[in-house]
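What follows is a set of notes on a single structure, which appears directly below.
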Amino acid sequence: MERVLFITSTRIGDAIINSGVLDHLVRSRPEAYFTIACGPLAASLFTETPRLERIIVMAKKKAGLHWPDLWRQTVGRKWDLVVDLRSSATGFFLRASQRRILKKSQTPIPKVAEAASVLALDPPPDPRLHLSETVRRQAADCLPGDGPWLAICPSASWIFKVWPAEYFAAFIRRFTAPDGVMPGASVVMLGGPGDAVYAQPVFDALPQTRFIDLVGLGLPETAACLERCRLYVGNDSGLMHMAAAVGTPTLGLFGPSDDRCYAPWGGHTDAVRGSASFAEIDEAHDDRRQHPESLLADLTVDTVYDAAKALFERTA
């Protein structure tokens, strides 16, 4: 029996991006059992990993003390393989037959490809989430019937990455109008705990639209609901990568983050931005992460509508 330690990201989106490497290991090492180290936000994404032995939740601590904690929890075992996508030194201080520590790219490349480089995988394996039949049944209860459903996530981890709520409302109104691309479609509103503040202005602007409010739903349940949706439109966020990973046609909205690295992955996806490039936005701000408002105001409703329409038609 082989034992593999897989060290992955704290953030939900990055953990999903890295999931293709984990899935490759699951498929290519049928005798292996897996210990997965990740942050608390992403932990529930991995509970259905085949041959899972343990999930080690790495809560971030000051001065990087979460790394010695991880070492103490893993040093007592001889590992057949340690794969570290956090590029830490931990793997070098563990007993392991093989170590694969990610070397981050010095040039902008898709993060899925960067993660795959840790095992020299070309082409990169697609991100994949393992979901239980229980959460799929729950998703069928949340979204009964055949739809179609338009999935929307108006939130992101930072306010500067958020497309304005009034733009989302205008897009939904037009896209689901009688002469729109998905006439009369129900809209599935998604987001994490605390994201109702982003969803409420959209609800308020569209009192006649049929919404299914799933903001705050757990990650596996959200992924299972996304599997049932015809199209996803949302900001650069973890749920954008989740939608792509479960095969939903996914349009990512970009501005102050680099779509060369973080665009949703796969032939069923697309990314769109306004007139300003990532470099132009980055250079215009000393620290864009401190910007208190959206930096996507130049991304028009027309641009998003046209891109979403083209993606919808291409994935019919």
Side-chain angles (χ1 to χ4, degrees), residues 9-18 39 41-42 60 87 104-115 127 151-172 189-202 205 215 231-245 250-266 269-308 310-311:
S9 299
T10 297
R11 293 183 179 276
I12 294 167
D14 291 332
I16 294 170
I17 286 169
N18 296 342
L41 292 177
K60 189 174 183 179
S87 305
K104 294 185 178 180
S105 174
Q106 298 303 304
T107 57
I109 64 171
K111 288 295 181 179
V112 170
E114 182 183 79
I152 297 289
C153 180
S155 60
S157 56
W158 300 84
I159 184 63
F160 67 84
K161 295 168 63 175
V162 170
W163 202 40
E166 61 269 28
Y167 290 20
F168 270 111
F171 166 77
I172 293 168
M189 185 65 75
L190 299 170
D195 285 346
V197 66
Y198 296 102
Q200 193 60 51
V202 182
V215 174
L231 183 71
Y232 173 94
V233 178
N235 305 306
D236 172 24
S237 70
L239 292 195
M240 177 195 73
H241 293 294
M242 178 183 286
T250 298
L251 179 65
L253 312 182
F254 282 79
S257 52
D258 196 342
D259 46 305
R260 294 173 298 177
C261 301
Y262 291 104
W265 180 265
T269 72
D270 201 359
V272 66
R273 63 166 47 252
S275 57
S277 68
F278 167 69
E280 289 170 335
I281 295 173
D282 193 38
E283 291 169 3
H285 299 85
D286 292 334
D287 185 353
R288 68 187 187 282
R289 294 171 298 179
Q290 301 302 317
H291 195 74
E293 298 176 344
S294 170
L295 289 173
L296 284 82
D298 66 329
L299 179 56
T300 67
V301 174
D302 284 347
T303 298
V304 174
Y305 182 93
D306 290 345
L311 178 61

Fill in the blank from the handout: To the nearest 0.5 Å, atom CG of Asp258 lies from atom CD1 of Ile109 at 11.5 Å
Handout entry: Side-chain heavy-atom pair Ser157, Arg11 within 4.5 angstrom cut-off
Key = yes
Exercise for the section: Answer whether the closest heavy-atom distance between the side chains of Tyr232 and Leu311 falls below 4.5 Å. Expected result: no
Exercise for the section: Considering non-hydrogen atoms only, spot the tightest contact between Asp298 and Ala276 and give its length. Expected result: OD2-N, 2.9 Å
Handout entry: Non-neighbouring partners of Ser87 that pass side-chain hydrogen bond (donor to acceptor under 3.5 Å, both in side chains), sequence neighbours left out
Key = none
Problem - Minimum heavy-atom distance between Leu251 and Ala308, given as atom pair plus value - result: CD2-N, 3.7 Å
Fill in the blank from the handout: Minimal heavy-atom distance between Gly192 and Asp195, with the atoms involved, is N-OD2, 2.7 Å
Exercise for the section: Kindly write out the residues that satisfy side-chain contact (heavy atoms from CB on, under 4.5 Å) with Pro164, not counting sequence neighbours, or none if the list is empty. Expected result: Glu166, Tyr167, Ser294
Exercise for the section: Give the intermediate values and the outcome of side-chain contact (heavy atoms from CB on, under 4.5 Å) for residues Ile152 and Val202. Expected result: CA-CA 10 Å; Ile152 297 289; Val202 182; 5.9 Å; no
Completion exercise
Contacts of Asp14 meeting salt bridge (charged side-chain N to carboxylate O under 4.0 Å, His left out) (sequence neighbours excluded), chain-then-number -> none
Problem - Pairing residues for Phe171 by the ring-ring contact (aromatic ring centres under 6.0 Å, His included) criterion, not counting sequence neighbours - result: Phe175
Fill in the blank from the handout: Applying side-chain hydrogen bond (donor to acceptor under 3.5 Å, both in side chains) to Ser9 and not counting sequence neighbours gives Asn18
Determine all donor-acceptor pairs shorter than 3.5 Å in which one atom belongs to a side chain in residues 234-243; sequence neighbours excluded.
unit_1	atom_1	unit_2	atom_2	d
Asn235	OD1	Trp163	N	2.9
Asn235	ND2	Pro154	O	3.1
Asn235	ND2	Ser155	O	3.1
Asp236	OD2	Ser257	OG	2.7
Ser237	OG	Asn235	O	3.4
Ser237	OG	Leu239	N	3.4
Ser237	OG	Met240	N	3.4

Practice task
Could you tell me which residues satisfy side-chain hydrogen bond (donor to acceptor under 3.5 Å, both in side chains) with Gln200, sequence neighbours excluded, listed by chain and number?
Solution key: Asp204
Completion exercise
Residues passing the salt bridge (charged side-chain N to carboxylate O under 4.0 Å, His left out) test with Asp306, sequence neighbours excluded, are none
Practice task
Would you please name every residue forming a salt bridge (charged side-chain N to carboxylate O under 4.0 Å, His left out) with Asp259, sequence neighbours left out?
Solution key: Arg273
Exercise for the section: With rounding to the nearest 0.5 Å, note down the distance linking CE in Met189 to CD1 in Ile172. Expected result: 5.0 Å
Practice task
Can you sort out the partners of Ala244 under side-chain contact (heavy atoms from CB on, under 4.5 Å), two or more places apart, ordered by chain and number?
Solution key: Thr250, Pro264, His268, Thr269
Fill in the blank from the handout: Nearest heavy-atom contact between Pro201 and Tyr198 is CD-O, 3.5 Å
Problem - Closest contact, heavy atoms only, Glu114 versus Ser105 - result: OE2-N, 2.9 Å
Fill in the blank from the handout: Closest non-hydrogen contact found for Ile17 with Pro127 is O-CG, 3.9 Å
Exercise for the section: Not counting sequence neighbours, which residues clear ring-ring contact (aromatic ring centres under 6.0 Å, His included) with Phe160? List them please. Expected result: Trp158
Practice task
Just grab all the salt bridge (charged side-chain N to carboxylate O under 4.0 Å, His left out) pairs involving residues 276-285, residues at least two apart or on different chains.
Solution key: Asp282-Arg288
Problem - Val304 side chain near Val233 side chain, heavy-atom distance below 4.5 Å - result: yes
